[in-house]
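Scope of the values below: all heavy atoms of this structure, side chains included, with no hydrogens, waters or symmetry mates.
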Amino acid sequence: MKKGMIAAVLVAGLAGAANADLLYSNAWDQTGNAYSSQNDTATYGNFATAYAFFTTGGAQWNVTDIHVVGEFFNPPEAAPIAGMTVKIFADAGNAPGALLSSTYVPAGSFIETSLGNVGGFPCFKYDMDVTPTMVTGDAWVSVVPDVAFPPQWGWATGVDANPSHAAWQDFFGTPGRLPASLALDVTGRVVPAPASLALLGIGGLVAGRRRR
(Lines give C-alpha, C1' and ligand atoms only; values in the text may rest on other atoms or scores of the structure.)
Protein backbone atom coordinates (compact mmCIF):
# COMPACT_ATOMS: atom_id res chain seq x y z
CA MET A 1 0.00 0.00 0.00
CA LYS A 2 1.65 3.23 -1.07
CA LYS A 3 1.55 6.52 0.81
CA GLY A 4 0.75 8.85 -2.05
CA MET A 5 2.42 9.89 -5.32
CA ILE A 6 -0.71 10.87 -7.22
CA ALA A 7 -0.78 12.62 -10.59
CA ALA A 8 -2.18 16.13 -10.14
CA VAL A 9 -1.69 18.67 -12.90
CA LEU A 10 -4.52 21.11 -12.25
CA VAL A 11 -3.93 24.16 -10.06
CA ALA A 12 -6.97 25.21 -8.06
CA GLY A 13 -7.34 28.22 -5.81
CA LEU A 14 -8.58 27.46 -2.34
CA ALA A 15 -11.36 29.96 -1.75
CA GLY A 16 -11.75 31.62 1.62
CA ALA A 17 -15.14 31.75 3.28
CA ALA A 18 -17.20 34.86 2.60
CA ASN A 19 -17.43 35.73 6.30
CA ALA A 20 -13.70 35.35 7.02
CA ASP A 21 -10.37 36.66 5.79
CA LEU A 22 -7.73 34.56 4.04
CA LEU A 23 -4.95 34.39 6.65
CA TYR A 24 -2.60 31.77 5.18
CA SER A 25 -2.28 30.14 1.76
CA ASN A 26 -0.06 27.35 0.45
CA ALA A 27 -1.32 26.71 -3.08
CA TRP A 28 -1.40 23.38 -4.89
CA ASP A 29 2.03 22.79 -6.46
CA GLN A 30 1.22 20.79 -9.65
CA THR A 31 3.90 18.18 -8.87
CA GLY A 32 1.47 15.26 -8.89
CA ASN A 33 2.05 14.24 -5.27
CA ALA A 34 -0.36 13.58 -2.42
CA TYR A 35 -0.12 11.71 0.89
CA SER A 36 -2.56 9.41 2.64
CA SER A 37 -4.69 10.72 5.48
CA GLN A 38 -7.66 8.48 6.21
CA ASN A 39 -9.84 6.78 8.79
CA ASP A 40 -10.78 3.51 7.08
CA THR A 41 -14.32 2.75 8.25
CA ALA A 42 -14.14 -0.78 6.84
CA THR A 43 -10.99 -2.48 8.17
CA TYR A 44 -7.89 -0.54 9.22
CA GLY A 45 -9.27 2.40 11.18
CA ASN A 46 -7.23 5.61 11.32
CA PHE A 47 -4.18 4.16 9.57
CA ALA A 48 -2.83 7.47 8.18
CA THR A 49 -2.85 11.06 9.43
CA ALA A 50 -1.17 13.91 7.56
CA TYR A 51 -0.27 17.20 9.26
CA ALA A 52 0.17 20.50 7.38
CA PHE A 53 2.18 23.48 8.62
CA PHE A 54 0.89 27.03 8.79
CA THR A 55 2.00 30.15 10.63
CA THR A 56 0.50 33.38 11.94
CA GLY A 57 3.88 35.11 12.15
CA GLY A 58 3.72 37.28 15.26
CA ALA A 59 -0.04 37.85 15.09
CA GLN A 60 -2.85 36.11 16.91
CA TRP A 61 -5.54 34.58 14.73
CA ASN A 62 -9.00 33.27 15.39
CA VAL A 63 -9.06 30.38 12.89
CA THR A 64 -12.58 29.48 11.72
CA ASP A 65 -12.23 27.67 8.36
CA ILE A 66 -9.90 25.17 6.70
CA HIS A 67 -9.63 24.51 2.94
CA VAL A 68 -7.72 21.64 1.31
CA VAL A 69 -7.48 19.63 -1.92
CA GLY A 70 -7.77 15.85 -1.78
CA GLU A 71 -7.57 13.02 -4.30
CA PHE A 72 -8.64 9.37 -4.46
CA PHE A 73 -6.28 6.56 -5.49
CA ASN A 74 -5.63 2.85 -5.04
CA PRO A 75 -7.89 2.58 -7.05
CA PRO A 76 -8.57 6.02 -8.57
CA GLU A 77 -12.30 6.01 -7.81
CA ALA A 78 -14.21 8.57 -5.77
CA ALA A 79 -15.96 7.31 -2.66
CA PRO A 80 -18.39 8.88 -0.19
CA ILE A 81 -16.86 10.61 2.83
CA ALA A 82 -18.94 10.22 6.00
CA GLY A 83 -17.17 13.06 7.79
CA MET A 84 -13.90 14.93 8.34
CA THR A 85 -11.94 15.20 11.59
CA VAL A 86 -9.95 18.44 11.69
CA LYS A 87 -7.43 19.05 14.48
CA ILE A 88 -5.26 22.10 15.10
CA PHE A 89 -2.00 21.77 17.03
CA ALA A 90 0.56 24.12 18.50
CA ASP A 91 4.11 23.76 17.23
CA ALA A 92 6.61 21.70 19.21
CA GLY A 93 10.09 22.01 17.76
CA ASN A 94 8.95 22.13 14.14
CA ALA A 95 6.48 19.26 14.60
CA PRO A 96 2.85 18.94 15.71
CA GLY A 97 2.59 19.51 19.45
CA ALA A 98 -0.22 20.21 21.92
CA LEU A 99 -3.78 19.83 20.63
CA LEU A 100 -5.56 23.19 20.44
CA SER A 101 -8.90 22.06 19.02
CA SER A 102 -10.67 19.15 17.38
CA THR A 103 -13.72 19.42 15.11
CA TYR A 104 -15.75 16.65 13.55
CA VAL A 105 -17.43 17.86 10.35
CA PRO A 106 -20.08 15.38 9.17
CA ALA A 107 -21.09 14.88 5.56
CA GLY A 108 -23.37 17.69 4.52
CA SER A 109 -21.54 20.20 6.73
CA PHE A 110 -18.46 20.53 4.51
CA ILE A 111 -18.38 21.58 0.86
CA GLU A 112 -16.91 19.06 -1.57
CA THR A 113 -16.29 20.54 -5.03
CA SER A 114 -15.25 18.32 -7.90
CA LEU A 115 -12.17 19.45 -9.81
CA GLY A 116 -12.57 16.65 -12.32
CA ASN A 117 -10.17 13.80 -13.08
CA VAL A 118 -6.63 15.06 -12.67
CA GLY A 119 -4.13 12.70 -14.28
CA GLY A 120 -6.81 10.05 -14.06
CA PHE A 121 -7.52 10.62 -10.36
CA PRO A 122 -10.80 12.09 -9.02
CA CYS A 123 -9.86 15.36 -7.34
CA PHE A 124 -11.90 17.55 -5.00
CA LYS A 125 -11.66 20.78 -3.06
CA TYR A 126 -12.93 20.69 0.53
CA ASP A 127 -14.10 23.72 2.50
CA MET A 128 -15.09 23.30 6.14
CA ASP A 129 -15.82 25.32 9.26
CA VAL A 130 -13.92 24.40 12.41
CA THR A 131 -14.26 25.22 16.08
CA PRO A 132 -12.94 28.82 16.39
CA THR A 133 -9.36 28.41 17.58
CA MET A 134 -6.92 31.05 18.83
CA VAL A 135 -3.51 30.47 17.26
CA THR A 136 -0.26 32.43 17.58
CA GLY A 137 2.97 31.60 15.73
CA ASP A 138 3.71 28.31 14.00
CA ALA A 139 0.98 25.67 14.06
CA TRP A 140 -0.22 22.46 12.38
CA VAL A 141 -3.51 21.08 11.15
CA SER A 142 -4.57 17.52 10.36
CA VAL A 143 -7.50 16.56 8.15
CA VAL A 144 -8.68 12.94 8.27
CA PRO A 145 -11.73 11.84 6.26
CA ASP A 146 -13.88 8.87 7.22
CA VAL A 147 -13.89 6.79 4.03
CA ALA A 148 -13.85 3.04 3.54
CA PHE A 149 -10.79 1.50 1.86
CA PRO A 150 -10.58 0.90 -1.05
CA PRO A 151 -9.90 3.59 -2.24
CA GLN A 152 -7.37 5.70 -0.38
CA TRP A 153 -7.70 9.45 0.10
CA GLY A 154 -4.62 11.66 -0.22
CA TRP A 155 -3.90 15.30 0.70
CA ALA A 156 -2.29 17.13 -2.24
CA THR A 157 1.08 18.86 -1.85
CA GLY A 158 1.72 22.62 -1.88
CA VAL A 159 4.16 25.13 -3.37
CA ASP A 160 5.97 25.97 -0.12
CA ALA A 161 9.42 24.36 -0.53
CA ASN A 162 10.87 25.47 2.83
CA PRO A 163 12.12 22.23 4.48
CA SER A 164 11.02 23.57 7.87
CA HIS A 165 7.45 23.72 6.57
CA ALA A 166 7.37 20.16 5.21
CA ALA A 167 4.40 18.12 6.37
CA TRP A 168 4.33 15.21 8.81
CA GLN A 169 2.52 11.91 8.44
CA ASP A 170 1.71 9.10 10.84
CA PHE A 171 1.37 5.96 8.69
CA PHE A 172 0.30 2.80 10.55
CA GLY A 173 1.72 4.19 13.80
CA THR A 174 5.05 5.35 12.40
CA PRO A 175 5.43 9.15 12.33
CA GLY A 176 7.82 10.78 9.89
CA ARG A 177 8.62 13.94 8.01
CA LEU A 178 7.32 14.15 4.44
CA PRO A 179 9.41 15.61 1.58
CA ALA A 180 6.83 18.30 0.76
CA SER A 181 4.32 20.70 2.24
CA LEU A 182 0.56 20.22 1.87
CA ALA A 183 -1.87 22.51 0.05
CA LEU A 184 -3.79 24.48 2.66
CA ASP A 185 -5.78 27.67 3.08
CA VAL A 186 -6.61 28.99 6.54
CA THR A 187 -9.31 31.61 7.02
CA GLY A 188 -10.56 33.50 10.04
CA ARG A 189 -9.88 36.86 11.70
CA VAL A 190 -6.79 38.63 12.98
CA VAL A 191 -7.17 39.43 16.68
CA PRO A 192 -6.19 43.09 17.33
CA ALA A 193 -3.30 43.51 19.74
CA PRO A 194 -4.17 45.19 23.08
CA ALA A 195 -1.88 48.12 22.24
CA SER A 196 -3.79 48.73 19.01
CA LEU A 197 -7.08 48.77 20.91
CA ALA A 198 -5.63 51.22 23.42
CA LEU A 199 -4.50 53.57 20.65
CA LEU A 200 -7.97 53.51 19.17
CA GLY A 201 -9.39 54.47 22.56
CA ILE A 202 -6.90 57.32 23.02
CA GLY A 203 -7.71 58.63 19.56
CA GLY A 204 -11.37 58.73 20.47
CA LEU A 205 -10.70 60.71 23.67
CA VAL A 206 -8.58 63.31 21.89
CA ALA A 207 -11.16 63.78 19.16
CA GLY A 208 -13.86 64.27 21.78
CA ARG A 209 -11.84 66.93 23.58
CA ARG A 210 -11.31 68.88 20.36
CA ARG A 211 -15.02 69.06 19.80
CA ARG A 212 -15.55 71.01 23.01
Side-chain angles (χ1 to χ4, degrees), residues 2-18 20-38 48-59 61 63-73 76 84 86-91 93-97 110-128 130 133 135-145 152-171 175-188 190:
K2 62 182 180 180
K3 292 187 179 180
M5 304 307 293
I6 304 172
V9 295
L10 177 66
V11 177
L14 300 176
D21 296 324
L22 178 61
L23 301 176
Y24 176 88
S25 182
N26 182 18
W28 196 357
D29 65 3
Q30 293 185 277
T31 61
N33 295 331
Y35 291 90
S36 292
S37 195
Q38 183 171 349
T49 301
Y51 304 83
F53 170 90
F54 71 97
T55 185
T56 75
W61 293 351
V63 174
T64 58
D65 310 86
I66 297 295
H67 315 270
V68 303
V69 169
E71 306 169 27
F72 291 93
F73 66 101
M84 295 270 201
V86 182
K87 296 182 179 181
I88 299 175
F89 303 84
D91 181 72
N94 200 224
F110 60 85
I111 299 173
E112 182 181 50
T113 304
S114 175
L115 300 176
N117 282 344
V118 181
F121 298 92
C123 182
F124 297 86
K125 182 169 71 75
Y126 300 90
D127 305 290
M128 62 205 86
V130 297
T133 307
V135 179
T136 303
D138 294 348
W140 300 81
V141 59
S142 65
V143 176
V144 180
Q152 286 182 245
W153 186 90
W155 190 341
T157 51
V159 298
D160 187 350
N162 186 333
S164 297
H165 302 168
W168 284 81
Q169 183 192 55
D170 187 308
F171 192 72
R177 193 95 188 194
L178 294 175
S181 62
L182 298 176
L184 170 68
D185 269 11
V186 175
T187 53
V190 175

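Of all non-hydrogen atoms in Thr64 and Gly188, the two that sit nearest each other are OG1-CA, 3.4 Å. Listed here is the closest heavy atom pair of Cys123 and Val69: SG-CG1, 3.6 Å. Residues Ser36 and Gln169 share a closest heavy-atom pair of O-NE2, 2.9 Å. For Phe121 against Pro76, the heavy-atom pair with the smallest separation is CD2-CB, 3.5 Å.
Residues satisfying the side chain to side chain donor-acceptor pair (under 3.5 Å) test with Ser142, not counting sequence neighbours, are none. Scored by the side chain to side chain contact (heavy atoms under 4.5 Å, CB included) test, Asp138 finds Phe53, Thr55, Asp91 as partners (sequence neighbours excluded). Partners of Phe89 according to the ring pair (Phe, Tyr, Trp, His ring centres under 6.0 Å) rule, which considers only residues two or more places apart in sequence or in another chain, are Tyr51. Listed by chain and residue number, Ile88, Leu100, Ser101, Val135 satisfy the side chain to side chain contact (heavy atoms under 4.5 Å, CB included) test with Thr133 (two or more places apart in sequence, or in another chain). By the ring pair (Phe, Tyr, Trp, His ring centres under 6.0 Å) test, Phe124 is found to be paired with Phe72, residues two or more places apart in sequence or in another chain being considered.
Contact of the Asn162 side chain with the Asp160 side chain is registered, since non-hydrogen atoms from C-beta on lie closer than 4.5 Å. Within the 4.5 Å cutoff, the side chain of Leu23 has heavy atoms near those of the Val190 side chain. With contacts defined as side-chain heavy-atom distances shorter than 4.5 Å, the pair Val86/Met128 qualifies. The shortest distance between side-chain heavy atoms of Asp21 and Thr187 does not fall below 4.5 Å. At least one side-chain heavy atom of Arg177 sits under 4.5 Å from a side-chain heavy atom of Asn94.
Of the possible polar contacts, one joining the Thr56 side chain to the Gly137 backbone as a donor-acceptor pair under 3.5 Å is found. Side-chain N or O atoms of Asp185 include none that pairs as donor or acceptor with a backbone N or O of His67 at under 3.5 Å. Of the possible donor and acceptor atoms, none in the side chain of Ser37 sits under 3.5 Å from a partner among the backbone N and O of Trp155. At distances below 3.5 Å, not a single donor-acceptor pair connects side-chain atoms of Ser181 with backbone N or O atoms of His165. Without hydrogens or angle criteria, Gln38 side chain to Trp153 main chain gives a donor-acceptor distance under 3.5 Å. Checked by atom type and distance alone, the side chain of Asp65 never pairs as donor or acceptor with a backbone atom of Val130 at under 3.5 Å.
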Name every donor-acceptor pair, under 3.5 Å, that has one atom in a side chain of residues 110-117 and the other anywhere in the protein, sequence neighbours excluded.
from	atom 1	to	atom 2	distance (Å)
Glu112	OE2	Tyr126	OH	3.0
Ser114	OG	Gly116	N	3.2

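Summarising the geometry, atom CG belonging to Leu182 is positioned 8.5 Å from atom OH belonging to Tyr35; distances are rounded to the nearest 0.5 Å.
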Note to self: Working note: Ile66 + Val141, criterion side-chain contact (heavy atoms from CB on, under 4.5 Å); need CA distance, chi angles, decisive distance, verdict.
What the structure shows: CA-CA 9 Å; Ile66 297 295; Val141 59; 4.3 Å; yes
